[in-house]
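I have placed the structure first, in the form of structure tokens, so that the comments after it can refer back to it.
Predicted, not measured: the structure shown is a model, and the values here were computed from it. In what follows, every chain begins at residue 1, and chains take the letters A, B, ... in the order their sequences are listed.
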Amino acid sequence: MRIVFMGTPLFAVPSLAALLDSAHEVVGVFCQPDRPQGRGNKLTACPVKQLAESRAVPVYQFQKLRAPEGVAALMALKSDYVVTAAFGQILSQALLDIPAHGTVNVHASLLPNYRGPAPINWCLINGETMTGVTTMMTDAGIDTGDTLLFDAVPILPDECAGALTERLSHVGAALLMRTLDKLEKGVCPRAPQDHALASRHPMLTKELGRIDWSRSAKQIVDLIRGTDPWPGAHTAMDGGVLKVIWARALAQDTDAAPGTVLTGDAKHGLTIATGQGVLAVEQLQAPGGKRMPAADYLRGHPMTPGMRLGEEQA
RNA sequence: CGCGGGGUGGAGCAGUCUGGCAGCUCGUUGGGCUCAUAACCCAAAGGUCGAGGGUUCAAAUCCCUCCCCCGCAA
């Protein structure tokens, strides 16, 4: 079939790769415009664009795909299906009407749960133990269209968002291929979502990664896992922002106020009081530094028991 | 030319402003102590102070050039 692919970040890459290696013909790839990125603000092509260019597939980038030029470009490709995976733009009805048989979306949750742009992160933040990937027929709403196939995946206890995204991206690619196969043969199941059961979560923000020490140690660990590569869990510290990369929740209890450093030397490690339980920080990143084991950091920067984290400097 | 922090034995850092013996907390190795230990005591090894050039009697430190790492912002 003639497929137009729309996607941008790493999550979409395995799906595009699977399409390119299949019998289907990828006639065009749409992704977000190149953005200034990294130190020096160099214009950087997204992962999907890099793959598409390496395979000599035409790439289209529109600030707003729903603008007339975008609609015209998609129309000209005369596709059977549009396939989207973390594209980053909302498709208007005019765009959805273009492909002959519709638009298929690969979504990294078990719909109707975790609709929205960051399902993987929110699953982890909320402490879920199960998630998955769903393929669906896109309609004008956000992740509200009829579902096609799904694949449930258990979340590993020590898994962070980066690793889970990587894992689900491959599950998604396989599921997409099965979905297209069934669609082509006309045997794909299709069911409307139960909107009463739906949940939807917003885009991640930097602020979301700020650790609220009054929450339980377990909840803070889940925040750390769910925000792992970005925005990262962080807290205010004397001299800047302390990023907590990895931590464990200890069963022990303490009378100290949430955010209080209990131990802060290389021998005992960095342990911090929370609203419920104690957080043992194992990996961290200090201002100007790189990620390192907490004990390494403490060798050069011992922290005084009793000092408070998370309090804005005056 | 977006803004900023950093590079010092194996790890994390101090020292740089104000040039003058290469230091700290650990780790490693050897020895001691101990019923025992990730504990304690003694000792040792381990350095191109990111690279190159310049100034100086003397440079980790001051000046110039370059390389690399990280944060912010997106």
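- Under the 30°/60° scheme for interplanar angles, the aromatic rings of Phe30(A) and Phe62(A) are found to lie parallel.
- A gap of 26 Å separates the C1' atoms of C70(B) and C62(B), to the nearest Å.
- Rounding to whole angstrom units, CD of residue Gln285(A) and C1' of G6(B) are separated by 12 Å.
- One can place CG of Leu242(A) at 13 Å from P of G71(B), the figure rounded to the nearest angstrom.
- Pairing for C66(B) goes to G50(B), judged as Watson-Crick or G-U wobble with the two contacts each under 3.5 Å.
- If you measure from atom NZ of Lys42(A) to atom P of C3(B), you get 13 Å, rounded to the nearest angstrom.
- Between A11(B) and C57(B), the two C1' atoms lie 37 Å apart (nearest whole Å).
- One can place CG of Leu284(A) at 12 Å from P of G12(B), the figure rounded to the nearest angstrom.
- Base pairing annotation: G20(B) forms a Watson-Crick or G-U wobble pair with C57(B), both donor-acceptor distances under 3.5 Å.
- Looking at the side chain of Lys267(A), the nearest of the listed nucleotides G12(B), A74(B), A39(B) is A39(B).
- In this structure, G71(B) forms a base pair with C3(B), meeting either the Watson-Crick or the G-U wobble geometry with both donor-acceptor distances under 3.5 Å.
- Nucleotides G9(B) and A45(B) are separated by 10 Å at their C1' atoms, to the nearest Å.
- The base of A74(B) is not paired with the side chain of Arg35(A) by any donor and acceptor separated by under 3.5 Å.
- Mapped onto RNA chain B by nearest heavy atom, Arg291(A) and Ala266(A) fall at different nucleotides, with Ala266(A) at the one closer to the 5' end.
- A side-chain donor from one of Gln93(A) and Asp97(A) sits under 3.5 Å from a side-chain acceptor of the other.
- Separating the C1' atom of G19(B) from that of G54(B) is a span of 15 Å, rounded to the nearest Å.
- The same atom, P, is picked in C49(B) and in A22(B); the two are 11 Å apart, to the nearest Å.
- Annotation: C1(B) and G10(B) have their P atoms spaced 41 Å apart (nearest Å).
- In this model, no side-chain donor or acceptor of Arg299(A) finds a partner on the base of G27(B) within 3.5 Å.
- Of the P atoms belonging to A44(B) and G23(B), the separation is 13 Å, rounded to the nearest Å.
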Self-check item: Stepwise side chain to side chain donor-acceptor pair (under 3.5 Å) test for Asn105(A) and Thr138(A)
Solution: CA-CA 6 Å; Asn105(A) 181 230; Thr138(A) 303; 4.9 Å; no
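- The two atoms that bring Arg299(A) and Ala266(A) nearest to each other are CG-CB, 3.8 Å, heavy atoms only.
- Only the P atoms considered, U28(B) is 33 Å distant from U61(B), to the nearest whole Å.
- The partner of U25(B), taking Watson-Crick or G-U wobble pairs whose two distances both stay under 3.5 Å, is A11(B).
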